[in-house]
Amino acid sequence: MSAIDRTLLQPAIVLAIWTLVMLFWTLATRLPAMRRAGVNMGDLVGTKPADADRALPAGTQWKAHNYMHLLEQPVLFYVVVFALVLMGVNDFETRLVAWGYVTFRILHSIWQATVNRVRPRFYLFAISTALLTGLAVRAALAAWGVEPF
């Protein structure tokens with residue numbers, strides 16, 4: 001088996017690590033907020049995210065919301081990156097778009113977890129979605145044997 005070029009995997013790994021950073025940030029802020037709010041985890045049965053939204057400060061929940069977002073759309077990013085790697089697509093432009101996606105997702109996380117003004121957050125999300133769309137189109141072209149434009 002020949003060695004694969006792993007450089008396109010790097011942005012996917014960075015995003016996975018960032019997702020874990022957001023998880024730990026969520027826990028570091030949410031658990032103390034739960035204690036302050038008098039929430040006893042031992043008493044909780046079958047709760048939903050909306051329950052925490054009602055019981056905890058919004059700024060605390062922003063981190064949790066972002067963590068959940070990182071388990072949604074980025075799943076498509078991982079699939080597309082792994083497909084591109086398997087097909088041997090690893091040109092500079094593809095890597096640049098992948099790193100752009102990760103950069104804008106991290107900026108989106110930081111914004112949502114701290115300031116959370118919706119319009120700028122939407123723009124960060126829209127840019128990252130456009131970059132992901134470009135990667136997916138690139139993967140589709142490669143899967144059907146079409147050279148990129």
Side-chain angles (χ1 to χ4, degrees), residues 3-34 37 39 41 44 46-149:
I4 61 171
D5 185 342
R6 294 175 277 191
T7 55
L8 189 56
L9 293 174
Q10 293 168 352
I13 292 165
V14 167
L15 189 56
I17 291 168
W18 177 255
T19 301
L20 292 170
V21 167
M22 286 305 304
L23 171 62
F24 295 127
W25 192 3
T26 297
L27 293 173
T29 56
R30 196 183 229 189
L31 294 175
M34 289 172 68
V39 176
M41 284 199 324
L44 299 178
T47 62
K48 302 173 296 306
D51 298 332
D53 286 341
R54 284 189 290 275
L56 301 176
T60 298
Q61 284 300 96
W62 295 344
K63 289 128 186 97
H65 295 162
N66 186 263
Y67 172 70
M68 288 186 286
H69 292 167
L70 289 170
L71 298 174
E72 294 170 347
Q73 187 189 71
V75 171
L76 300 174
F77 173 73
Y78 299 126
V79 170
V80 169
V81 165
F82 291 134
L84 288 165
V85 168
L86 288 173
M87 291 184 288
V89 178
N90 198 359
D91 54 277
F92 174 78
E93 292 81 10
T94 301
R95 290 191 308 272
L96 185 64
V97 172
W99 277 114
Y101 177 78
V102 170
T103 299
F104 277 95
R105 286 310 303 216
I106 291 171
L107 291 172
H108 176 272
S109 291
I110 292 167
W111 186 265
Q112 183 175 14
T114 57
V115 180
N116 207 13
R117 301 269 309 157
V118 173
R119 185 177 303 220
R121 191 179 96 208
F122 171 77
Y123 292 143
L124 293 168
F125 176 78
I127 293 168
S128 68
T129 300
L131 292 166
L132 177 57
T133 301
L135 278 178
V137 168
R138 178 65 181 101
L141 292 172
W144 273 268
V146 177
E147 288 299 316
F149 15 85

I'd like to check the side chain to side chain donor-acceptor pair (under 3.5 Å) partners of N116; sequence neighbours left out, ordered by chain and number.
R121
What distance do T60 atom OG1 and H65 atom NE2 have between them, rounded to the nearest 0.5 Å?
10.5 Å
Can you find a heavy atom in the side chain of Y67 that is under 4.5 Å from one in the side chain of S109?
no
W111 (side chain) donor-acceptor with R117 (main chain) under 3.5 angstrom:
yes
For residues F82 and L9, determine if any side-chain heavy atom of one lies less than 4.5 Å from a side-chain heavy atom of the other.
yes
Residue pair W18 / V102, side-chain heavy-atom distance below 4.5 Å
no
Where is the tightest heavy-atom contact between A37 and A55, given as atom of each residue plus distance?
CB-O, 3.7 Å
In terms of heavy-atom contacts, L132 and L76 come closest through CD2-CB, 4.0 Å
To check you understand the geometry: which heavy-atom pair defines the closest contact between L56 and R30, and what is its length?
CD1-CG, 3.7 Å
Could you walk me through whether M41 and L31 pass the side chain to side chain contact (heavy atoms under 4.5 Å, CB included) test, one step at a time?
CA-CA 9 Å; M41 284 199 324; L31 294 175; 4.1 Å; yes
Pairs touching residues 70-84 that satisfy side-chain hydrogen bond (donor to acceptor under 3.5 Å, both in side chains), sequence neighbours left out
Q73-Y101, Q73-R105, Q73-T129
The side-chain contact (heavy atoms from CB on, under 4.5 Å) partners of D51 (sequence neighbours excluded) come to T47, K48, R54
Side-chain heavy atoms of F125 within contact of Q112, under 4.5 Å:
no
Reported OG1-to-CD1 distance for the pair T103 and I127, which is rounded to 0.5 angstrom:
11.5 Å
Measure the spacing between CE of M22 and CG of L70 and express it to the nearest 0.5 Å.
6.5 Å
Between CG of L124 and CD1 of I106, what distance do you get to the nearest 0.5 Å?
12.0 Å
Short question: side chain of T19, backbone of L15 - any donor-acceptor pair under 3.5 Å?
yes
What closest approach, in Å, do A98 and L135 show between heavy atoms, and which atom pair accounts for it?
CA-CD1, 3.8 Å
R138 vs E93 side-chain heavy atoms within contact, under 4.5 Å
no
To the nearest 0.5 Å, how far apart are CE in M34 and OG1 in T29?
11.5 Å
Looking at T26 and K63, would you say the former's side chain and the latter's main chain have a donor-acceptor pair under 3.5 Å?
yes
Would the distance check show the side chain of R95 and the main-chain N or O of N90 forming a donor-acceptor pair, the cut-off being under 3.5 Å?
yes
Might you point out which heavy atoms bring L84 and A139 nearest each other, and give the distance in Å?
CD2-CA, 3.6 Å
Within this structure, what is the CH2-OG1 distance for the pair W99 and T94, rounded to the nearest 0.5 Å?
14.5 Å
Closest contact, heavy atoms only, L131 versus G100:
CD1-C, 3.4 Å
